[in-house]
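Chain naming here is simple, since letters A, B, ... match the order of the sequence lines and numbering starts at 1 in each.
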Amino acid sequence: MLLAGASVSKLYSPLFHSINFTSINANVTLIKLQDKFKKRLQKAALELFGVSLEQLSAEIPPKPELGDLAFPVSFELAKLIKQSTGNKVAPRTIAEQLKEKLAAADEVSRIEVAGAGYLNIFFDRAQLLSAFAAVPPPAIDDASIDALVVRPKQMVEHTSINPNKAAHIGHVRNAVLGDTFVRVLKTAGNAVEVQNYIDNTGVQVADVVVGFKHIEPMTLDEIKNLDRSLPADRSFDYYCWDLYTKVGLFYRDDDPNGQPNPEKLKLRTDILHALEEGTNPTAELADYVATRNVECILDTMERLGIRYDLLARESEILHLHFWDRAFQLMKYEGVIRLETEGKSKGCWVMPFESHTGTDEHEADKIIVRSNGTVTYTGKDIAYQLWKLGHLGLDFNYRPFRKYADGHVAWVTTAEPNSEVLPEVPRPDFGGGVTVYNVIDSRQSYPQEIVARGVAALLPELGRNASVHLAYEMVALSPSACAELGIELSNEDRAKPYIEMSGRKGLGVKADDLIDRLETDALREVEARHPDLTADEKAATASEIAVGALRYFLLKFTRNSVIAFDFKEALSFEGETGPYCQYAAVRANSIFRKLDRESLVDAERLILRAGGDAEIRETVAQALSGEAGTEIWSLVMLAQRFDEVVAQCAASAEPANLAKYAFNLARAFNLFYHRHRIIAEEDLTKKAVLIVAANIARRQLTSALATLGISVPERM
RNA sequence: GCACGCGUAGCUCAGUUGGAUAGAGCGUUUGACUUCGAAUCAAAAGGUCGCAGGUUCGAGCCCUGCCGCGUGCACCA
């Protein structure tokens, strides 16, 4: 439901897409135009000054009166000319010469030299509006595109929550960031595989098993009965959340500040060994607990429109001997070495020369312990090798969950031939050309080791095949702690924010927050639209809640710590998701009320402006002056969507897109206030307004869809 | 100690890879609903871009040194 193509194409009336009224290429985009001018400038620079420009930056002028596109190229050229000839030439003079040399393109009305030497380009507004109006909406259809070409696969791992408790907002930041990046990559035309790593045999699951076996204590059947008896709003993951906190206290003999009791810690170690071993009653119990938590977490994520292609489990990495293979490869390639003396005697280590060793901190990273067991980093290298398609082993797979639209999330299994969903063919998993791991920045160091280890094994792929998509944590603001009834120590009170802790049960659970958002949204919807049915109200409230939460988590750049505050997160006003949705809803309401004849007339008129000089002149008139410039700048901003997506994909920073969507919504709201579209009597101006509004809502809807935010019918 | 990140308006944050007069939201003050929907819009006030040097036509952005804050640096995962 959140894929851009489906919702956009329904909204946008495809009246004349098959007819070309325009004299210029209907597929014109701002990116293409920009490239065209870069090439011309490079050619001109070579002809005039004998200078070849490698990199040429274009920019959007600060004000629309200064043009639509600017090149500060003359400053750079002045320097280069001085270097090669020794002559000092004023940037303005250079700009004037370049201007003369640039043959005006069809899409351009004029070129000006401004300031100290900027080359400012003014587009032919009527011509381009006509071209933009003719551009069909991007039809993103995974199936049809996949059938046509085999594209290199981008791989994104995100969420990866330890399956021993409910998700909190820190986990949601990871999932929303990852999911949005996946949407960005897809919108940019990439094939993407989404993985969620399930550490079902780790310490955290072992801890909850300790709780079930030694605190409760319960058998597997009793746990199943308990699970069935739990209410929907206090489900199994919530129960485990509380139990996990109890286990932490249990280890310390119920004294939060006490030392762990070694005998009780041994219970954990024993269970951990049983889990790694597999095929025993404890492992079976743990599997139930982990699987149920995964199901609950997937339910939570689906409320936010987040889905997966594959759940890769640690149990299979162990049982299918991924590590053994990786170990062989690393020894063979000499990436690790066996230490024969010193502190790490008997361990296999990876040399890490950038860190100089001190007494306290070892320079080299231990991959295999002296007792022969592998560290987490070692297992991660094996998994990363598989992701890149270079391990030489594969998982077995079975379907885990079938979503309402038929999409299937698969899970790894040790059992061969487990595929029991013949109507859904299994995709080929793994073999990504680039692997993005969405993991918080506290794990930068181990992630660096994994990436280097893999790069050392696979020099042909290199360091850039593994990308750590790092982000800062979500912490609790002091006021959020107060609202949650958390008592703070004096030490914590002095801090600007408090780190969340699953172990201490310190955090805002994702479902609780979504519930609150939905309740607040529902109250507003009921006040504004009492005529809607209960189902419609609930669905709208849900869309608003998702918009608010996703936008809140995306508006911050990745390396900014979010000090979570209820007031900000629950806001529907200002720079928020609902603000953006509201702008799109208003835009849609115009087209709902607009009679079809007006729409058809408007599109026909604007499309004909491309070829008919007389019509073009009247359209140009409507787009001139202060009011016209304001309309035009809305169109220009809307048309930058592709460029923003491309930049977002390259920088792996979804916050750019969030800011863009907000700015576009803001520009539209301004436009909306300034112009009465339906009541406009000047038919040319009305046509311009209709087409501009249509372009703006089309692009805003696409931008929001890429953020995973849908546009309600009403709100 | 070492590595990485951060420091921009009262608060929370952007800043298009070095470009034109540093921008948003919240909060404060003031104004706008008989209208395609006010979850909106307009206006005002608010800045030594942590400090000091340097690089150049140009620095919030790059370099060096300080100051302050955060996070890592396990034979844990």
Stepwise salt bridge (charged side-chain N to carboxylate O under 4.0 Å, His left out) check, A:E448 with A:R463: CA-CA 10 Å; A:E448 177 69 18; A:R463 177 67 186 77; 3.0 Å; yes
For A:A521, all residues meeting side chain to side chain contact (heavy atoms under 4.5 Å, CB included), sequence neighbours excluded: A:A541, A:I544, A:F572
Residue list, side chain to side chain contact (heavy atoms under 4.5 Å, CB included) with A:V203, at least two apart or on another chain: A:D207, A:R268, A:L272
Atom-pair distance (OH on A:Y497; C1' on B:G7), nearest Å: 12 Å
Under-3.5 Å donor-acceptor pair between A:R666 side chain and B:A24 base: no
Test salt bridge (charged side-chain N to carboxylate O under 4.0 Å, His left out) applied to A:E643 and A:R640, step by step: CA-CA 5 Å; A:E643 186 187 326; A:R640 289 185 62 198; 3.6 Å; yes
A:D199 side chain, from C-beta outward: closest of B:A77, B:C41, B:G37: B:A77
Rounded distance in Å between the C1' positions of B:A45 and B:A38: 24 Å
Test side-chain hydrogen bond (donor to acceptor under 3.5 Å, both in side chains) applied to A:S315 - qualifying residues, sequence neighbours left out: A:N200
Side-chain donor/acceptor contact of A:S344 with base of B:C75 under 3.5 Å: no
Phosphate OP1/OP2 of B:G37 contacted by A:K593 side-chain N/O (<4.0 Å): yes
C1'-based separation of B:G47 from B:G10 [nearest Å]: 12 Å
Under the salt bridge (charged side-chain N to carboxylate O under 4.0 Å, His left out) test, residues paired with A:E314 that sit two or more places apart: A:K379
Side-chain donor/acceptor of A:D520 to base of B:A39, under 3.5 Å: no
salt_bridge(A:R313, A:E316) N-O dist < 4.0 Å: yes
Smallest separation among heavy atoms of A:E575 and A:K555, with atom names: O-NZ, 3.3 Å
Same-atom distance (C1') from B:U17 to B:A77, integer angstrom: 36 Å
I'd like a list of close polar pairs between nucleotides 42-46 of chain B and the protein, N/O only, cut-off under 3.5 Å.
none

Comparing A:I590 and A:M473 on RNA chain B - which has the more 5′ nearest nucleotide: A:I590
Whole-Å gap separating P (B:C41) and CD (A:E630): 13 Å
Of residues 68-75 of chain A, the positions that come close to RNA chain B - non-hydrogen atoms, cut-off under 4.0 Å: A:A70, A:P72, A:F75
Distance, rounded to the nearest Å, where A:E448 contributes CD and B:G72 contributes C1': 13 Å
Aromatic ring pairing A:Y579/A:F662, orientation class (parallel under 30°, perpendicular over 60°, tilted between): tilted
A:E573: partners by side chain to side chain contact (heavy atoms under 4.5 Å, CB included), with sequence neighbours left out: A:S571
Which atom of A:F556 lies closest to which atom of A:A655, heavy atoms considered: O-CB, 3.6 Å
Whole-Å distance separating the CZ atom of A:R676 from the P atom of B:C41: 14 Å
All side-chain hydrogen bond (donor to acceptor under 3.5 Å, both in side chains) counterparts of A:E543, not counting sequence neighbours: A:S710
Rounded distance in Å between the C1' positions of B:C26 and B:A59: 30 Å
Within 45° cone and under 6.0 Å: A:R558 NZ/CZ vs A:Y471 ring: no
Touch class at under 4.0 angstrom, heavy-atom based, for A:K63 against every strand present: base
Check: B:G37 base within 3.5 Å donor-acceptor of A:H673 side chain: no
B:G37 to B:A32 separation - C1' atoms, rounded to the nearest Å: 15 Å
Closest approach of A:S160 to A:N196 (non-hydrogen atoms, all atoms of both residues): N-OD1, 2.8 Å
Rounded distance in Å - CH2 (A:W348) to P (B:A74): 22 Å
A:E713 atom CD, over 12 foreign heavy atoms within 6.0 Å: no
Closest to the A:I544 side chain, choosing from B:A39, B:A24, B:G19: B:A39
B:U55, syn or anti by chi within 90 degrees of zero: anti
Spacing of A:R586 atom CZ relative to B:G37 atom P, expressed in whole Å: 9 Å
Any A:Y445 side-chain nitrogen or oxygen under 4.0 Å from OP1 or OP2 of B:G72: no
P gap between B:A20 and B:C49, integer Å: 16 Å
For atom CG of A:L318 and atom C1' of B:A77, their distance in whole Å: 12 Å
Residues touching RNA chain B, which here means a heavy atom under 4.0 Å, drawn from residues 371-383 of chain A: A:T375, A:Y376
Touch class at under 4.0 angstrom, heavy-atom based, for A:H468 against every strand present: nothing
Sidechain N-carboxylate O distance under 4.0 Å for A:D440, A:R173: no
B/S/- contact track for nucleotides 12-18 of chain B, protein heavy atom under 4.0 Å: SSSSB--
From A:I31 atom CD1 to A:Q639 atom CD, the distance as rounded to the nearest 0.5 Å: 10.5 Å
Residues in salt bridge (charged side-chain N to carboxylate O under 4.0 Å, His left out) contact with A:E524, at least two apart in sequence or another chain: A:R528
Pairwise P distance for B:U71 and B:G31, with rounding to whole Å: 47 Å
Rounded interatomic separation in angstrom, taking CD1 from A:I449 and C1' from B:C73: 9 Å
Distance below 4.0 Å between A:S441 side-chain N/O and B:G5 OP1 or OP2: no
Stems formed with participation of RNA chain B [Watson-Crick or G-U wobble, under 3.5 Å, three or more pairs]: B:1-7 with B:67-73, B:10-13 with B:23-26, B:28-32 with B:40-44, B:50-54 with B:62-66
A:Y579 vs B:C41: side-chain N/O to OP1/OP2 distance below 4.0 Å: yes
SB check A:K659 A:E653 (cutoff 4.0 Å): no
Euclidean distance for C1', B:G68 against B:G25 (whole angstrom): 27 Å
Nearest-nucleotide 5' precedence on RNA chain B, A:R442 against A:V368: A:R442
